[in-house]
Amino acid sequence: SAVISQKPSRDICQRGTSLTIQCQVDSQVTMMFWYRQQPGQSLTLIATANQGSEATYESGFVIDKFPISRPNLTFSTLTVSNMSPEDSSIYLCSVLTGVGDSTDTQYFGPGTRLTVL
Amino acid sequence: DAKTTQPTSMDCAEGRAANLPCNHSTISGNEYVYWYRQIHSQGPQYIIHGLKNNETNEMASLIITEDRKSSTLILPHATLRDTAVYYCIAPNFGNEKLTFGTGTRLTIIP
C-alpha cells in the first residue's frame, strides 16, 4: 500500500484567486492522478500527472485551469486557477503502486476540500 | 471501462453479512473488477479486486460469477464503521483510469 498526504486539507478562497494543492506519497510510484469530486457527486478524473513531462488531461479539463506539476516520483501539485464558486469541490490525489501486473492498485489521499466564495 | 450497475442503496444489520451486488455484463476477458468504498468526505479506500477467481482479504470477499457478468462484495460481519458508499469498477486500462459511478450507499443499522 501507499501512505498519501495532501496539503491543505481544506481551504476557503475568494473567486479569481488560485490555490495549489500538494500531494506527497511515502514511496516512489509509477503513476499519480488528480480527481475532483463536486458536492453530492462521484469522482471524476482530471488528469494523469507525468513525471518530467506535461500532464495528460481528461476531456473537459485544461492545463490553463488546472496546471499540474510532478517533479519526482513521490510528489505532485495541482493548481486550481482563477477560481469560481463552481470549483468548490474535494480534490483528491491518487497513486498507482505495483509492478505492472494484476497486483497494481490505486490508492487515494485524504482529499482537499475547497470552498470558493 | 465496462459499464457497472449497482443498487443505489442498501441497509444491513450490524453483525450480519453485507452482500453488495454489481452487474458488469459488458466486461471483457482481461478487465478486472475493483471495489472501493468512500466513507463520508474521505478519500476512497481500496477494498479488493479480482479477475475470475473468488478473492478474500482481511476486509472482504469478492465472488465473481463464472460468466464474469456480475460479482458480489461480501463484508462478513458488518460494523457501523462500514457505512459508506461502495463503488464497483471495471477499468479497461488496467487499473490506471478509474471511472466512478454512483455506487451503493450502504447503511449499517445498529
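Residue numbers start from 1 in every chain, and the chains themselves are labelled A, B, ... in the order their sequence lines are given, proteins ahead of strands. Note that the structure is predicted; figures quoted are calculated from it, not measured.
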For Glu58(A), is it the side chain, the backbone, both, or neither that has a heavy atom closer than 4.5 Å to a heavy atom of chain B?
side chain

Measure Leu45(A) against the heavy atoms of chain B and call it side chain, backbone, both or neither at under 4.5 Å.
side chain

Check whether the ring centres of Tyr87(B) and Phe100(B) lie less than 6.0 Å apart, and answer yes or no.
yes

Only residue of Phe33(A), Trp34(A), Phe61(A) satisfying side-chain contact (heavy atoms from CB on, under 4.5 Å) with Ile68(A) is Trp34(A)

Chain A contact via Gln45(B) - side chain, backbone, both or neither, heavy atoms under 4.5 Å:
neither

Selection from Pro44(B), Gly101(B), Gly43(B), Gly103(B) maximising heavy-atom pairs under 4.5 Å formed with chain A:
Pro44(B)

Phe108(A) ring center within less than 6.0 Å of Tyr35(A) ring center
yes

Sidechain-backbone polar pair: Gln51(A) side chain, Met31(A) backbone, donor-acceptor under 3.5 Å
no

